Structures are given as structure tokens and as C-alpha cells.
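Some notes on the structure that comes next.
Each ligand, and each atom within it, is numbered from 1 in the order the structure gives. For the single chain, residues carry numbers from 1 onward in sequence order. Predicted model, so just to flag it, every value in this text is computed and none were measured.
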Amino acid sequence: MAHPTFRRTFLEIVVSSLLVTASLGGRPLLAQPSSLREAAADHFLIGLGVSDSISEMEECHGLLQQQFQIVTPENCMKPAGLRPTADRWDFDLPDRFVEFAVANQLQVVGHCLIWAKDDRTPPWFYQDGDGLASRELILQRVRDHVTTIVSRYRGRITQWDVVNEALDDGPNQLRDSGWSRATDYEFIAEAFRAAHEEDPQALLIYNDYNNEAPAKRERMIALLKKLLADQVPIHAVGLQGHYEIDAIPYENIDATIQAIRDLGLRVVVSELDIDMIPRGRWWADGGKYREEMAMLDPYANGCPEDLLRRQAEQYAKLFAIYKKHAEAIERVSFWNLHDGQSWLNYFPWNRVNYPLLFDRQLQPKPAYHAVLQVLSGRSKPSDIP
Ligand code: GLA
């Protein structure tokens with residue numbers, strides 16, 4: 001069942017059922033949906049992560065409003081942006097972001113209250129004078145941070161990434177960080193409790209990457225079970241979905257969504273993109289390929305048609321999985337609006353990349369049409385690669 005705040009509005013249901021515009025000889029005639037949000041109206045919200053300064057990017061506003069329903073600010077609500085020191089809150093950008101979204105009838109995902117990584121957490125969070133803060137002080141800071149932000153945006157931010165990336169990539173359950181060293185898993189529980197107390201209507205999400213990989217999934221499911229057993233108010237799990245072309249783990253994604261559903265939790269796909277110049281090798285074998293990879297920019301003058309076609313097929317296959325699980329999926333968000341805005345043009349090295357559904361001229365790519373087809377039911381499962 002949909003989280004109460006996020007049930008589709010009556011209007012959206014009417015509009016989507018109007019897509020079946022007429023009946024000819026008993027055969028329904030489907031009108032072509034003109035946007036992702038329209039095509040997905042019976043399934044889930046369609047969103048995206050966008051620049052903190054989106055309000056000033058007028059050239060993007062038309063496409064944004066036409067295609068999407070919910071936006072996530074790319075950086076300005078992260079602890080490093082919002083709270084660089086204990087007594088400094090930088091609400092200017094987040095306030096402008098939320099005002100812009102509300103004025104444009106877009107929902108907002110708050111991202112992220114706690115980012116459980118030392119290099120993403122301003123050091124003051126862990127300190128007390130010259131020493132380390134105690135467990136109690138850290139938990140008090142979690143509560144204070146979460147409470148201040150969630151109460152400020154109550155009713156305007158409808159979904160929160162409460163904790164980002166707390167799971168270990170190695171054998172431990174939790175990533176080693178100032179948070180986990182001081183409190184074990186309590187910082188996670190405390191963050192969710194504080195957020196729920198401030199806004200009981202908001203959808204509260206645990207968000208991570210590679211969490212469909214079997215070993216990490218297992219650690220995540222164990223963590224979720226513990227949170228649920230402790231009656232922590234967690235509602236959904238975010239699969240970031242930063243994939244690489246020709247290496248999308250479809251079966252693992254399907255199995256992970258099912259495993260989350262089995263716990264009675266909802267799913268969001270929070271940061272979807274498909275890297276066309278795969279980056280995985282950057283971290284292999286102690287980083288020894290980095291020099292060579294840093295020279296790699298194969299599509300600087302354009303992306304080959306064949307690659308765009310493969311990307312379209314792969315996006316279609318992903319959306320077929322999402323559609324199959326639509327009852328449990330709250331939202332699918334891409335990470336950035338068009339290829340020119342993607343972080344994958346810079347991370348982990350500079351290259352001209354093409355990870356999204358819209359190109360640098362804001363025109364729909366083959367992947368856009370493929371996703372639209374799957375969402376609007378025009379592809380039979382057997383057409384999907
Ligand atoms: C992670 C974070 C996002 C963003 C992306 C890359 O997935 O959750 O906020 O930083 O990395 O841009």
C-alpha cells in the first residue's frame with residue numbers, strides 16, 4: 001500500500017485513465033503519453049536530482065515541469081553544505097531550492113540528513129574540544145541536526161534520505177565512520193526517530209549504492225530487520241542505481257526489490273544513471289589503471305548510435321523490472337536532467353559522458369522513448385531485451 005502522503009492524487013489517476021481515450025470496436029485506443037510522469041502515473045513518481053541552483057536555470061524549467069514530479073537537490077542539503085561548523089547553518093540555497101520547487105508544484109526529496117562517511121561529514125560532528133565526542137553527545141547532535149532541518153521543511157519536503165551510505169563495502173555490516181565508531185548502529189535509529197517525530201507524514205528512506213550486490217544486500221537486509229525489530233520508523237529503501245552500460249545487475253536488482261518488499265518496506269530508485277564510459281576499473285588492483293583511464297575520452301565528439309541503442313534497451317529492461325514491482329516502488333529519480341549536467345562527466349575523471357534520457361540540447365534520446373514505451377505498456381514483456 002502506498003505511503004499515505006504519496007498516494008497518487010485523484011487528478012493524476014483521472015488524467016492517466018483518460019489516456020485510454022476511446023474504444024474502437026471494443027479495442028482500447030491508447031493516446032501516446034507525452035511525458036515520463038504521465039506514462040508513469042499508474043506506477044510511481046518520476047523525479048530527478050538537480051543542481052542546487054535550478055531556480056536560476058530557466059532553460060531547464062519547461063522540461064523539468066513537463067517530465068518530472070519530484071526533485072532532489074544535488075548538494076546543498078548535505079551536512080557539509082548545510083552545516084560546515086557547529087554554529088553555522090547555511091539555509092540560503094536549500095530555502096531557495098524548496099521555494100522554487102513548491103512554486104512549481106514539484107515535491108522535494110531532502111538529501112541527505114546524515115551521510116555516514118567520514119570524508120562527507122564535517123569533522124566537528126565527531127569532536128568535543130580536543131578529544132572525541134562521547135556516544136551521548138554524538139546522538140544528541142544527530143537529533144539536533146535532524147530536528148532542525150526536518151522541522152524547517154515540514155510539509156514541504158515529502159521524502160527524506162535520512163541516512164546515506166552507512167553499509168560497509170567490505171565484510172563488516174556498517175561502514176567505519178565517526179558515527180558507527182561512537183554509537184554502533186544507534187546513530188541510524190536516532191536519525192529516523194528524530195525525523196519521524198518532526199514530520200510523521202514524510203517518507204523516511206535509507207539510501208545506498210551497490211546495495212543490490214548479494215553480499216551487501218544481505219548486510220542491508222540484516223540492518224533493516226534490526227531497525228524494524230527495534231520499531232524504528234523507516235519506510236523505504238533507496239537503491240541509488242548508478243549503473244554502467246552492459247553491466248547492469250538486473251537479476252540482483254529484481255531480487256533486492258523483492259527482498260525489501262518482503263520486509264514490508266517500500267522502494268525508491270534514487271539516483272539512476274547509466275555510465276557510458278564505465279568507471280569500475282578505476283578502483284581495481286590498487287588503482288593502477290588510473291593514469292591510463294584518465295586519458296580516456298572516447299566519445300568527446302559524439303556518442304555512437306549503437307551505444308545509444310544499447311543504452312535504450314538497458315533502460316527499458318530496468319523499467320520493466322520497476323514496473324513489475326510498481327506496487328512497492330514509490331519513485332524513480334534520475335541523477336541530473338541531461339547528459340551535460342551529469343556528475344559522470346567529471347567523476348572519477350573528466351570525460352564526455354551520456355548517462356541520461358536527455359541530451360545536451362535537452363532533446364529526448366532513444367532511451368527516453370524506450371522508457372516511455374515500457375511505462376505506457378506499449379512493449380510486450382517479450383519485446384524487452
Ligand atoms: C552519491 C550521493 C549523491 C551524489 C552521487 C554522485 O550517490 O548520494 O548525493 O553525490 O553520489 O554525484
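Ring geometry for Phe334 against Phe319 counts as parallel: the plane angle stays under 30°, on a 0 to 90° scale with 60° as the upper cut.
For His145, the ring-ring contact (aromatic ring centres under 6.0 Å, His included) partners at least two apart in sequence or on another chain are Trp89, Phe125. Residues satisfying the side-chain contact (heavy atoms from CB on, under 4.5 Å) test with Ala189, not counting sequence neighbours, are Tyr185, Glu186, Arg193, Leu227, Val232. Residues meeting the ring-ring contact (aromatic ring centres under 6.0 Å, His included) test with His61, sequence neighbours left out: Phe100.
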Are there any N/O pairs under 3.5 Å between ligand 1 and the protein, and if so, what are their distances?
residue, atom, partner, partner atom, Å
ligand 1, 7 (O), Gln240, OE1, 2.7
ligand 1, 7 (O), Gln240, NE2, 3.4
ligand 1, 7 (O), His242, NE2, 3.2
ligand 1, 7 (O), Glu271, OE1, 2.4
ligand 1, 8 (O), His111, NE2, 3.4
ligand 1, 8 (O), Asn164, ND2, 3.0
ligand 1, 8 (O), Gln240, NE2, 3.4
ligand 1, 8 (O), Glu271, OE1, 3.4
ligand 1, 8 (O), Glu271, OE2, 2.8
ligand 1, 9 (O), Lys78, NZ, 2.8
ligand 1, 9 (O), His111, NE2, 2.5
ligand 1, 10 (O), Lys78, NZ, 2.9
ligand 1, 12 (O), Trp335, NE1, 3.2

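The 12-atom threshold is not exceeded at CD of Glu218, counting heavy atoms of other residues, nucleotides or ligands nearer than 6.0 Å.
Looking at Arg154, its side chain does come within 3.5 Å of a backbone N or O of Glu198 through a donor-acceptor pair.
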